[in-house]
Amino acid sequence: MKKIVLSLFLIFSLGVNSIPASAQQLPDRREVLKTLILTNDYFMKKYADYTWPSHRGGVMRPSNIWTRAVYYEGLMALHTIYPLPEYYDYAYNWGKFHEWGFRRGNTNRNADNQCCSQVYIDLYNLCPDPNVLKNVIINTNMFLNTPQNDDWTWIDAIQMSMPVFSKMGKLTGDQRYFDKMWAMYHHIRNIEGKTGLYNPKDGLWWRDKNFVPPYKEPNGEDCYWSRGNGWVYAALARILEDIPQNETHRADYVADFLAMSKALIKCQREDGFWNVSLHDPNNYGGKETTGTALFVYGMAWGINHGILDRKTCLPVVLKAWDAMCKEAVHPNGFLGYVQGTGKEPKDGQPVTYDKEPDFEDYGLGCFLLAGTEIYKLK
């Protein structure tokens, strides 16, 4: 009787009106892997020269900026389930070309430029070489040895930077990385913009201080940008993968992850995607792949690690993954419905099946992260 009551409570509290997971069949792993290989092959062939700068509006940027780093996060995830030497070489040679460094050098505190550290650490873990981590250690030690905790002023930064600290904490066993990570997360969550950027009432995040109330969407709702919330959701999954079970603030991270899961399930579209505006489906509404992929990644990770209720969340995940595979993946591997760079629903519009965004690397990175976790479902 208690089990029945608990199940009903979970379903009611998460607001799911889906087919029970027991009635759904998991995707064929061979098909999942085939799709991941297809999309990644398209990208690696198109961008075979990993040294070539990224560009937007005629401005050239080095290829170790955040957009490319997110792609390599996804590639390293794919490498864990399908370890082709060419995947490792493509990532390793990219890092080596950049001398394992960052855009604007070791003293830069911008999270976007720190994102590549995640990939450097993953490569180091596969084949330890002190040169790979030299700049990562210098850069993160700067954070540990300076008092300010207010570097993350926009929620994208949580994904770009936060897992760097959790990965270094796991690698070194140094508690200071976990402590600093919490101090910076606490600031953006509870202090930034005077109120903090997290709204516990809705379980979602405002992108930065410019979007906290009284700012509203056209329908009068708060503005919760899909990919921005996806960055936070993915980051929580990534740091929970690293930190010890008895870490002081693990329960706080899990609580936020659960609250976000509940909120995200409520605003999934009927077709499986999420809109760019989570609470205003009519403000540039329509299919969007990056936010959807990040939500799939985080939710599938939560299922795989026993944090999320499988019966409640699996139908949501499978519906979204199926939608992306059928509606966004082109026969040649190009990924459609990717919103271009920006910070709110209106940016990068229109988002369509055929339109190539200003940068297409991070969209694929999100998709590879999602597909890797889908592949691990059992």
Measuring only between side-chain heavy atoms, which start at C-beta, is [X] closer than 4.5 Å to [Y]?
X	Y	answer
T292	M324	yes
T289	F273	yes
N282	E217	no
T341	D347	no
R250	Q245	yes
C127	Y92	no
Q118	Q159	yes

**OP:** Apply salt bridge (Lys or Arg N to Asp or Glu O under 4.0 Å) to D322 and K326, showing your working.
**Re:** CA-CA 6 Å; D322 184 63; K326 290 180 178 178; 3.3 Å; yes
What are the two closest heavy atoms between [X] and [Y], and how far apart are they?
X	Y	answer
G203	A263	O-CB, 3.9 Å
I65	P62	CG2-O, 3.1 Å
P315	R310	CD-O, 4.0 Å
A370	V296	CB-CG1, 3.8 Å
D208	T153	CB-O, 3.6 Å
E288	S226	OE1-OG, 4.4 Å

Which distance, rounded to the nearest 0.5 Å, do you find between the [atom1] of [X] and the [atom2] of [Y]?
X	Y	atom1	atom2	result
K96	N131	NZ	CG	10.0 Å
F257	L240	CZ	CG	7.0 Å
I37	L78	CD1	CG	7.0 Å
H186	I191	NE2	CD1	5.0 Å
L75	Y88	CG	OH	12.0 Å
N93	E86	CG	CD	12.0 Å

Under 3.5 Å side-chain donor-acceptor pair for [X] and [Y]:
X	Y	value
D49	T51	yes
S277	D280	no
Y224	N199	yes
Y177	D242	no
N108	N110	no
R109	T146	yes
Q339	T290	no
Y47	D361	no

Original post:
For F97, which residues count as a ring pair (Phe, Tyr, Trp, His ring centres under 6.0 Å) partner, sequence neighbours excluded?
Top reply: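 Partners of F97 by the ring pair (Phe, Tyr, Trp, His ring centres under 6.0 Å) criterion come out as none, since no residue qualifies.
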**OP:** List for me each residue that meets ring pair (Phe, Tyr, Trp, His ring centres under 6.0 Å) alongside W321, sequence neighbours excluded, and say none if there are none.
**Re:**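 With sequence neighbours excluded, W321 shows a ring pair (Phe, Tyr, Trp, His ring centres under 6.0 Å) to F367, given in chain and number order.
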Side chain of [X], backbone of [Y]: donor and acceptor closer than 3.5 Å?
X	Y	value
K355	Q349	yes
N64	G101	yes
N139	N106	yes
N135	E99	yes
S161	I158	no
D174	G169	no
R29	L377	yes

Original post:
Taking everything shown except Q148 itself, do over 12 heavy atoms lie less than 6.0 Å from its CD?
Top reply: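 Atom CD in Q148 is crowded, with more than 12 foreign heavy atoms closer than 6.0 Å.
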Original post:
Has K46 got more than 12 heavy atoms of other residues, nucleotides or ligands less than 6.0 Å from its NZ?
Top reply: yes
**OP:** Could you note down all residue pairs passing ring-ring contact (aromatic ring centres under 6.0 Å, His included) where residues 103-161 supplies at least one of them, sequence neighbours left out?
**Re:** W94-Y120, W100-Y120, F143-F165
**OP:** Return the orientation label for the Y72 and Y90 ring planes: parallel under 30°, perpendicular over 60°, tilted otherwise.
**Re:**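 Plane angle between 30° and 60°, so tilted.
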Original post:
Angle class for the W205/Y185 ring planes (parallel below 30°, perpendicular above 60°, tilted otherwise)?
Top reply: tilted
Original post:
Under the salt bridge (Lys or Arg N to Asp or Glu O under 4.0 Å) criterion, do R207 and D156 qualify, and how do the steps go?
Top reply: CA-CA 8 Å; R207 197 271 178 176; D156 314 36; 3.2 Å; yes
List the residues meeting salt bridge (charged side-chain N to carboxylate O under 4.0 Å, His left out) with [X], not counting sequence neighbours, and say none if there are none.
X	answer
R103	none
E344	K346
D112	none
D28	R30

Could you tabulate the donor-acceptor pairs under 3.5 Å formed by side-chain atoms of residues 328-337, not counting sequence neighbours?
from, atom 1, to, atom 2, distance (Å)
H330, NE2, Y353, O, 2.7
N332, OD1, F334, N, 3.0

Original post:
With clusters built from Ile, Leu, Val, Met, Phe, Trp and Tyr whose side-chain heavy atoms come within less than 4.5 Å, directly or transitively, what are the remaining members of the cluster of L369, listed by chain and number?
Top reply: Y297
**OP:** Enumerate the residue pairs fulfilling salt bridge (charged side-chain N to carboxylate O under 4.0 Å, His left out) with a member in residues 130-142, sequence neighbours excluded, ordered by first and then second residue.
**Re:**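 Sorted pair list comes back empty.
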**OP:** Mind jotting down which residue pairs meet the side-chain hydrogen bond (donor to acceptor under 3.5 Å, both in side chains) criterion with at least one end in residues 362-378? Sequence neighbours excluded, please.
**Re:** N304-E373
**OP:** Go through the steps to decide whether H249 and M181 satisfy the test side chain to side chain contact (heavy atoms under 4.5 Å, CB included), and finish with yes or no.
**Re:** CA-CA 10 Å; H249 295 288; M181 181 177 75; over 6 Å; no
Original post:
Hey, which of K167, R238, R68 is the one that makes salt bridge (Lys or Arg N to Asp or Glu O under 4.0 Å) with E73?
Top reply: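 Checked K167, R238, R68 against E73; only one passes salt bridge (Lys or Arg N to Asp or Glu O under 4.0 Å): R238.
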Original post:
Looking at residues at least two apart in the chain, or sitting in another chain, which of them share a side chain to side chain contact (heavy atoms under 4.5 Å, CB included) with I137?
Top reply: L133, N141, M168
Subject >> Option passing side-chain contact (heavy atoms from CB on, under 4.5 Å) with L278 (candidates D222, L264, D202) >> reply: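 Result: among D222, L264, D202, L264 is the only option passing the side-chain contact (heavy atoms from CB on, under 4.5 Å) with L278.
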